[in-house]
2 protein chains.
Amino acid sequence: MTASAARADTRPSPRKRAGNGAARWNDADEIGLDALVGHAGYAVRRFQIWIFQDFIKTLGDVDIRPTQYSVLTVIGANPGLSQMAVAKRLGIERARLVHLIDSLEQRKLVKRIKSKQDRRSHALHLTGPGETALAKFKRLAIEHERHVEEKIGKANRERLLQILAGFT
Amino acid sequence: MTASAARADTRPSPRKRAGNGAARWNDADEIGLDALVGHAGYAVRRFQIWIFQDFIKTLGDVDIRPTQYSVLTVIGANPGLSQMAVAKRLGIERARLVHLIDSLEQRKLVKRIKSKQDRRSHALHLTGPGETALAKFKRLAIEHERHVEEKIGKANRERLLQILAGFT
DNA sequence: GGACAATTGTTGTCGTCAACAACAATCTTC
DNA sequence: GAAGATTGTTGTTGACGACAACAATTGTCC
């Protein structure tokens with residue numbers, strides 16, 4: 001009859017309210033998720049939101065967001081990369097990367113150097129201040145990673161990284 | 001060699017390029033991520049993008065996105081909920097939920113019923129077609145979940161759900 | 001050597017999504 | 001009954017992914 005019966009999924013009927021229009025149980029905790037538990041995507045989405053919010057908060061004083069951090073670390077580890085190469089490596093659209101680099105360049109953390117080999121492309125480098133700033137960002141990022149450990153446990157975090165290693 | 005190794009920050013110098021402007025190694029695979037591996041947030045973000053894209057593709061014929069699916073399942077399992085309750089349960093802003101319900105209501109999958117108890121709120125219910133449609137969506141969602149299994153392995157998926165159970 | 005295709009950076013648009021702020025209608029509380 | 005909180009709604013902002021188009025440049029093919 002109900003949709004839940006169709007799939008024979010979770011639990012014995014969603015305990016219908018007597019009056020049909022009634023919405024008396026506003027206790028947000030007792031609301032069943034039905035088929036939603038057991039969906040990896042839902043859990044991953046919620047976790048990703050939590051982890052990004054913690055990252056943004058932990059790096060709030062230096063005003064660096066996760067995507068900016070990823071761009072800086074890649075450039076820091078591989079100086080001279082083109083925008084195209086960075087975009088491909090991080091799975092970012094090159095159109096989007098333009099604005100990201102613009103922002104980081106305005107903050108004097110990154111500089112574009114016109115390549116001699118290929119005059120279409122720009123070689124990306126950290127500035128002097130950019131390198132010292134990145135070092136600080138990394139310390140804060142490690143602090144953030146400790147928060148993750150506290151949230152899901154050290155062993156679980158290790159296992160998680162292992163499971164998802166193929167996506168990096 | 002584990003992620004903990006990332007703790008030893010910037011240090012061993014990122015093998016600087018000789019010519020400064022040079023961007024010769026456009027081979028996107030050989031670009032190191034440095035501190036990025038070992039960051040749970042990065043792996044989770046990439047995985048979440050992959051999993052959502054597969055969900056959207058798998059449920060492409062019925063034109064249902066992950067957020068819509070989550071709203072439908074919660075309403076289906078808990079008929080009569082208010083928008084506020086659904087928003088709280090799913091971690092969606094109530095402002096955003098308005099448009100989601102608008103869309104689902106236009107598609108005749110959900111209906112708002114003015115509550116007698118609290119005339120501010122609307123009790124949310126699936127329509128008849130909505131229930132049969134949701135049953136189909138769930139079958140497709142299970143197919144999507146099989147794709148996840150094929151991607152990371154059955155055991156890993158189970159472990160993942162277990163690790164992130166606290167976020168549902 | 002020259003026409004044609006591909007690549008790089010850039011600009012622009014569109015749609016999704018989270019985060020706020022403000023508002024009218026309605027409930028709750030004192 | 002007045003003051004404050006809650007619910008649904010509208011609107012704005014900004015980050016983000018997906019596309020499309022374009023100029024400049026490079027690569028390819030005949």
May I have the distance from B:Lys116 (atom NZ) to C:dT26 (atom C1'), rounded to whole angstrom? 16 Å
Ignoring the backbone of B:Asp118, work out which of D:dT7, C:dA18, D:dT10 is nearest its side chain. D:dT7
Which part of the nucleic acid, if any, lies within reach of A:Ile49 when heavy atoms closer than 4.0 Å are counted: base, sugar-phosphate only, or nothing? sugar-phosphate
Looking at D:dG17, D:dG8, C:dG9, which one has an atom nearest to any side-chain atom of A:His122? C:dG9
Has the side chain of A:Thr127 got a donor or acceptor atom that lies under 3.5 Å from a matching backbone atom of A:Lys108? yes
Phosphate contact (D:dA15 OP1 or OP2) by A:Thr67 side-chain N/O below 4.0 Å: no
Does C:dC20 have its OP1 or OP2 closer than 4.0 Å to a side-chain nitrogen or oxygen of B:Arg96? no
Using heavy-atom distances to pick each residue's nearest nucleotide on DNA chain C, tell me which of A:Val98 and B:Pro66 is more 5'. A:Val98
Gap between atoms NZ and C1', on B:Lys88 and D:dG8 respectively (whole Å): 14 Å
Test A:Gln83 against every option in A:Arg112, A:Arg94, A:Lys88 by the side-chain hydrogen bond (donor to acceptor under 3.5 Å, both in side chains) rule and name the one that passes. A:Arg112
Testing C:dT8, C:dT11, D:dG8 for proximity to the side chain of A:His99, the answer is C:dT11
Report the distance from atom CG of A:Leu90 to atom P of D:dG17, rounded to the nearest whole Å. 10 Å
May I ask you to verify if any side-chain N or O of B:Gln117 is less than 4.0 angstrom from the OP1 or OP2 atom of C:dT26? no
Regarding B:Arg94, tell me which of base, sugar-phosphate or nothing describes its non-hydrogen contacts under 4.0 Å with the strands shown. base
Output the rounded distance in Å from CZ (B:Phe52) to C1' (C:dA18). 13 Å
Does either side chain, that of A:Tyr69 or that of A:Arg65, offer a donor lying less than 3.5 Å from an acceptor on the other one? no
Donor-acceptor pair present, B:Arg120 side chain and D:dT6 base, under 3.5 Å: yes
What orientation do B:His144 and B:Phe55 show, parallel under 30°, tilted 30 to 60°, or perpendicular over 60°? perpendicular
Check the surroundings of atom NZ in A:Lys111: do more than 12 heavy atoms from other residues, nucleotides or ligands lie under 6.0 Å from it? yes
Base, sugar-phosphate alone, or nothing: which one does B:Gln68 contact when heavy atoms must sit under 4.0 Å apart? nothing
Using a heavy-atom cut-off of 4.0 Å across all strands, would you classify A:Glu93 as base, sugar-phosphate, or nothing? base
Of C:dA18, D:dG8, C:dC20, the nucleotide closest to the side chain of A:Gln53 is C:dA18
Looking at B:Arg119, does any N or O in its side chain come under 4.0 Å of the phosphate oxygens OP1/OP2 on D:dT6? no
Considering just the side-chain nitrogens and oxygens of B:Arg112, establish if one lies under 4.0 Å of OP1 or OP2 belonging to D:dT9. yes
Ranking C:dC20, D:dC16, D:dC19 by distance to the side chain of A:Arg65, first place goes to D:dC16
Are A:Val148 and A:Phe47 close enough that some pair of their side-chain heavy atoms sits under 4.5 Å apart? yes
Just compare D:dC16, C:dT10, D:dT25 and give me whichever is closest to any side-chain atom of A:Leu100. D:dC16
Which whole-number value in Å describes the distance from A:Ile101 CD1 to C:dT8 C1'? 14 Å
